[in-house]
Amino acid sequence: MGSSRTQDERTRTRTRGGGEEASSSAPDAKSPPSSTSTSTSTLSTSSALGGPSSRRRSLFPLVELELDDDGIPTTASSIAVTSALRASGFLLARTALLPVSLQRRALSAARRYLRRHGDDVMGDADDDAVDDPPSMSSSPGLSRRGGRVLTHPTDPKAYAMLEGIESIRDDDDDEDDDDDDDDGDTDGGGADEHTTTTTTTTTTTMATATRTTTTADLEDWYRAAREARIALLRCIAAGMGMGNDDRDFLVRLHDEDNDSLRLLGYFRGDARTGNRCREHSDYGTLTLLLNDGVGGLEAYVDDDDDDNDDDDGDVDGDGGGGRGYVVVNIGSILSDWTGGELRATLHRVAGPASVGGSVGDDVADRTYRESLLRAVSVPRYSIAYFADPNGDVSIDAKLVGSSAVAGGGEGGNNIGLRVKDYIRWRSGGMWSDRCGVAFTSAEESRLANIR
Ligand SMILES: O=C(O)CCC(=O)C(=O)O
Ligand SMILES: [Fe+2]
């Protein structure tokens, strides 16, 4: 199982996962101890999702995810991760588990993958626009199904869902006799050393090498993301005191490895381009997001302790890719498990014409608008790694507090909705059937509030 993500919180209306009225979800009162390596990152001034033009610079913490000699996250890291997820639901994580070199390789591989498989599926990719993800020159608003790369029904993007590491290899096996559109692209980043070493060989050999490298790089990223998932789940379990301080409490609820990679290629646009990715929140447990540094990612964050509706934060504008960190956020299942203490935050990839975007005329507005214009003038690539819990775990479990239910009621008859059914419902299907566009009516109405 993996995830194609859609939607959830509308914090402005003080609601939390499942549409319930929020109880208390004030940011963690504990400030990280001075020994923590947490710092804040420099972030672009955000546009407000749905607010007028007032701006606030929002800083999400950059957390150095440190492991001890046994590979266990330090206490400082656990506190830093949990504090950020309480406060905003977002953090930027830097960790030796996801080194910059691997990030670059993975992004290059995603780009190659989307272009190759997109061409396969859609057949009309723009050959001149070598930097662009595959697009459909006709009917750009329609999703064409049946291949590995889909165009999104509404957002100007192509994407591929890779459900499990094996799916990457299967894709390559399927392609063994298909070399006509494999361009051996080295992505200008010099990241594809295997391809580079084969440039003097025949086209066919080079194509094979490119496939192999693409597969290897995506597999490496997938494996590394799984390790990072384990570390982050340990941080959360420890930081929240779950399972009587059993640090592997959450890890065990994920030992089926129900995860997926979504490779995303956003098309170039112009001043008229609105959202490149519609507002949504993720609905599994944990998302690790790597992007190529092209801006536009925004998160809608609300302070519970004031009435300002415009406390929205641009997550990064340069998330990963260059500076070596990944964006970490959580989905609604984990948020619900914690009674909303950890936030599944609404986010999007904005374009210059996004609703509630930069409409004012002060310096910050203009600067931000220019940054979005620059961002949309180039394609944007990202890789989302989604972790879901084991399929039979209850999404209704409460994993914090005195009534915490280990395993979410596993084995019981009255466990409520199971993860696998919930995800099927949210995502509009399982596996490659997922369209990733399902919105519940509650979510739709929350979204309507910001339009
Ligand atoms: O591409 C991005 O930066 C955001 C993607 C995202 O939020 C998602 O796919 O759930
Ligand atoms: Fe997302």
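Keep in mind that this is a model prediction, so the values were computed, not measured. Each ligand, and each atom within it, is numbered from 1 in the order the structure gives.
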Separation between CG (L85) and CG (N329), nearest 0.5 Å, reads 8.5 Å

If we number the atoms of ligand 1 from 1 as shown, the ones under 4.0 Å from a heavy atom of R262 are 8 (C), 9 (O), 10 (O)

Q. Do we see a donor-acceptor contact under 3.5 Å between the side chains of T273 and Y266?
A. no

In ligand 1, the atoms that come under 4.0 Å of a heavy atom of H347 are 7 (O)

Check whether any heavy atom of H280 sits under 4.0 Å from an atom of ligand 1. yes

Note: ligand 1 atoms sitting under 4.0 Å from heavy atoms of R380 are 1 (O), 2 (C), 3 (O)

Between H347 atom NE2 and H280 atom NE2, the angle centred on the Fe ion (ligand 2) rounds (to 10°) to 90°

Exercise for review: Flag N291 as yes when one of its N or O atoms lies below 3.5 Å from any N or O atom of ligand 1, and as no otherwise.
Suggested key: no

Are V326 and L92 close enough that some pair of their side-chain heavy atoms sits under 4.5 Å apart? no

Near Y266 (heavy-atom distance under 4.0 Å), the atoms of ligand 1 are 1 (O), 2 (C), 4 (C), 5 (C)

Let me check your reading of the structure: within less than 2.8 Å of the Fe ion (ligand 2), is there an N/O/S atom from C277?
no

dist T214:OG1 -> R115:CZ (nearest 0.5 Å) comes out at 10.5 Å

Short version for L289: what comes under 4.0 Å of ligand 1, heavy atoms counted, is side chain

query: Mind checking whether R348 has a heavy atom under 4.0 Å from ligand 1?
result: no

Is a side-chain donor-acceptor pair under 3.5 Å present for D155 with N275? no

*Any idea how F60 and F90 line up, ring-wise: parallel (<30°), tilted (30 to 60°), or perpendicular (>60°)?*
tilted

Quick one, D392 and V419 - any side-chain contact, counting heavy atoms below 4.5 Å?
no

Here the N/O/S atom of D282 closest to the Fe ion (ligand 2) would be OD1

query = If you measure from the Lys or Arg side-chain nitrogens to the Asp or Glu carboxylate oxygens, is any gap between R104 and D217 under 4.0 Å?
reply = no

| Y385 and D259: side-chain donor and acceptor closer than 3.5 Å? | yes

At under 4.0 Å between heavy atoms, what of V327 touches ligand 1? The answer is neither

Near L264 (heavy-atom distance under 4.0 Å), the atoms of ligand 1 are 1 (O), 5 (C), 9 (O)

